[in-house]
Every structure is written in C-alpha cells, then in structure tokens.
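Counting begins at 1 with the first residue of the sequence. This structure is a prediction, so every number in the text was calculated from the model and none was measured.
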Amino acid sequence: EVQLVESGGGTVQAGGSLRLSCAASGFPFDDYAMGWFRQAPGKEREGVSCISVSDGTTAYAESVKGRFTISSDNAKNTVYLQMNSLKPEDSAVYYCAADWSHVLRVRSCAQADFGSWGQGTQVTVSS
C-alpha cells in the first residue's frame with residue numbers, strides 16, 4: 001500500500017523559509033516520480049515541483065523558480081521541498097504525490113498524472 005506522509009508545514013512571515021518533507025513507503029521509491037502540489041482556498045490544485053527519483057530530473061512552476069528546491073533522499077525514501085523567500089501567495093495546503101517515473105510526468109508536473117497522494121500540510125505565510 002502506497003503511503004505518503006507530509007510534514008513541515010506551519011506559519012511563517014513573508015521572506016521566511018520552510019522545508020516540507022514527504023516520507024514514502026509501499027512502493028519502489030527509486031522507480032517513481034514525486035511531486036509537490038498546492039491548493040489555496042477557492043483555487044484549483046496546482047503543480048509546484050516534481051522530481052524523478054532515479055535520475056534527479058526536476059521541474060518547477062514559474063511562480064516558485066529560484067525560491068523553491070525539490071530534492072530526494074533515496075536512503076530515507078523521502079522527498080523534500082525547501083521553500084525560501086516565501087510570499088503570502090504561497091499560502092496553501094501542500095500535497096505530496098507519487099507515480100511511476102516518466103520524463104513527461106516530471107516535466108508536466110500535472111496532478112492528473114499522479115495517482116497516489118498524501119493528506120497535505122498547511123503552509124501559511126503572513127505579510
């Protein structure tokens with residue numbers, strides 16, 4: 001059974017940093033693509049960043065490029081999202097997602113392409 005457990009959310013002032021973690025189990029982590037998505041109230045869920053665990057290929061939404069960094073620790077079956085220079089518009093529930101790795105899945109970083117999801121963690125950035 002695929003399990004994804006997010007942690008690291010919280011409240012931070014604008015300009016601050018947070019690191020989200022997603023602990024994965026129940027599937028061959030090295031063969032998967034992992035993604036971070038977010039959903040703000042009244043908005044659709046959007047892709048933030050995705051990574052191929054096997055080769056490290058990454059993709060980022062334009063709105064977070066240069067501020068967020070996705071990484072994976074294969075020994076710990078964990079994917080991280082380091083978020084710096086946070087803005088109030090980054091406030092949302094952040095979800096971790098997983099599916100079999102494919103270059104197009106990573107590049108598109110679209111929620112429709114990911115079949116397994118975590119429960120989400122709230123990130124609130126105050127101005």
Side-chain angles (χ1 to χ4, degrees):
E1 178 187 3
V2 173
Q3 286 196 323
L4 303 170
V5 180
E6 302 99 332
S7 61
T11 299
V12 64
Q13 288 189 331
S17 298
L18 283 174
R19 188 177 80 156
L20 305 183
S21 300
C22 173
S25 62
F27 60 93
F29 187 71
D30 291 359
D31 294 334
Y32 266 55
M34 303 292 294
W36 285 100
F37 297 78
R38 66 186 181 187
Q39 188 167 21
K43 294 187 177 182
E44 292 189 357
R45 191 173 299 186
E46 63 173 352
V48 176
S49 183
C50 291
I51 186 169
S52 169
V53 175
S54 61
D55 66 14
T57 301
T58 59
Y60 293 92
E62 286 296 326
S63 59
V64 306
K65 279 184 180 178
R67 300 188 298 123
F68 290 11
T69 302
I70 191 170
S71 62
S72 66
D73 185 333
N74 293 23
K76 296 182 178 180
N77 281 16
T78 299
V79 64
Y80 303 97
L81 185 68
Q82 178 66 45
M83 306 186 294
N84 298 328
S85 302
L86 282 162
K87 305 175 181 179
E89 52 263 43
D90 294 318
S91 297
V93 177
Y94 282 71
Y95 298 90
C96 175
D99 214 311
W100 289 101
S101 185
H102 189 282
V103 61
L104 295 181
R105 175 168 285 126
V106 174
R107 289 178 180 173
S108 67
C109 202
Q111 66 160 333
D113 293 335
F114 286 80
S116 298
W117 293 82
Q119 82 287 352
T121 185
Q122 177 71 47
V123 171
T124 302
V125 184
S126 61
S127 57

Visitor: Give, for atom CG of Leu20 and atom CD of Gln82, the distance between the pair rounded to the nearest 0.5 Å.
Guide: 9.0 Å
Visitor: Can you tell me how far apart CZ (Phe68) and OG (Ser85) are? Round to the nearest 0.5 Å.
Guide: 9.0 Å
Visitor: Please test Cys50 against Trp36 for side chain to side chain contact (heavy atoms under 4.5 Å, CB included), starting from the C-alpha separation and ending with a verdict.
Guide: CA-CA 6 Å; Cys50 291; Trp36 285 100; over 6 Å; no
Visitor: Less than 6.0 angstrom from the centroid, inside 45 degrees of the normal: does Arg45 satisfy that with respect to the ring of Phe37?
Guide: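 Pair Arg45/Phe37 does not count as cation-pi.
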Visitor: If we ignore hydrogens and angles and just use 3.5 Å, is the side chain of Glu46 paired with the main-chain N or O of Arg38 as donor and acceptor?
Guide: no
Visitor: For the pair Ser72 and Met34, evaluate side chain to side chain contact (heavy atoms under 4.5 Å, CB included) and give the outcome as yes or no after the intermediate values.
Guide: CA-CA 9 Å; Ser72 66; Met34 303 292 294; over 6 Å; no
Visitor: Would Val64 and Met83 satisfy side chain to side chain contact (heavy atoms under 4.5 Å, CB included), going step by step from the backbone distance to the final call?
Guide: CA-CA 9 Å; Val64 306; Met83 306 186 294; over 6 Å; no
Visitor: Check whether any side-chain N or O of Ser91 sits under 3.5 Å from a backbone N or O of Val125 as a donor-acceptor pair, and report yes or no.
Guide: yes
Visitor: Can you get from Trp100 to Val2 by hopping between Ile, Leu, Val, Met, Phe, Trp and Tyr side chains that sit under 4.5 Å apart?
Guide: yes
Visitor: For the CG atom of Asn74 and the NZ atom of Lys76, what is their distance to the nearest 0.5 Å?
Guide: 12.0 Å
Visitor: Would you name the heavy atoms of Gly118 and Tyr95 that are closest together and state the gap between them?
Guide: O-CD2, 3.7 Å
Visitor: When rounded to the nearest 0.5 angstrom, what distance separates CG in Asp90 from CZ in Arg67?
Guide: 4.0 Å
Visitor: For a quick test of reading the model, state the closest non-hydrogen atom pair linking Asp30 to Val53 and the distance between them.
Guide: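 Closest approach of Asp30 to Val53, heavy atoms only: CA-CG1, 3.8 Å.
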Visitor: Apply the test side chain to side chain donor-acceptor pair (under 3.5 Å) to residues Thr78 and Ser21: give CA-CA distance (whole Å), side-chain angles for both, the deciding distance (0.1 Å), then the verdict.
Guide: CA-CA 7 Å; Thr78 299; Ser21 300; over 6 Å; no
Visitor: Just checking Gln119: does its CD atom have more than 12 heavy atoms from other residues, nucleotides or ligands closer to it than 6.0 angstrom?
Guide: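 Yes.
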Visitor: Give a yes or no on whether Leu86 and Tyr80 share a hydrophobic cluster (residues Ile, Leu, Val, Met, Phe, Trp, Tyr; joining criterion: side-chain heavy atoms under 4.5 Å apart).
Guide: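 Hydrophobic grouping puts Leu86 apart from Tyr80.
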Visitor: Using the rule given for side chain to side chain contact (heavy atoms under 4.5 Å, CB included), can you reason through Phe27 versus Leu4, listing the C-alpha separation, both sets of side-chain angles and the distance that settles it, and then say yes or no?
Guide: CA-CA 10 Å; Phe27 60 93; Leu4 303 170; 3.9 Å; yes
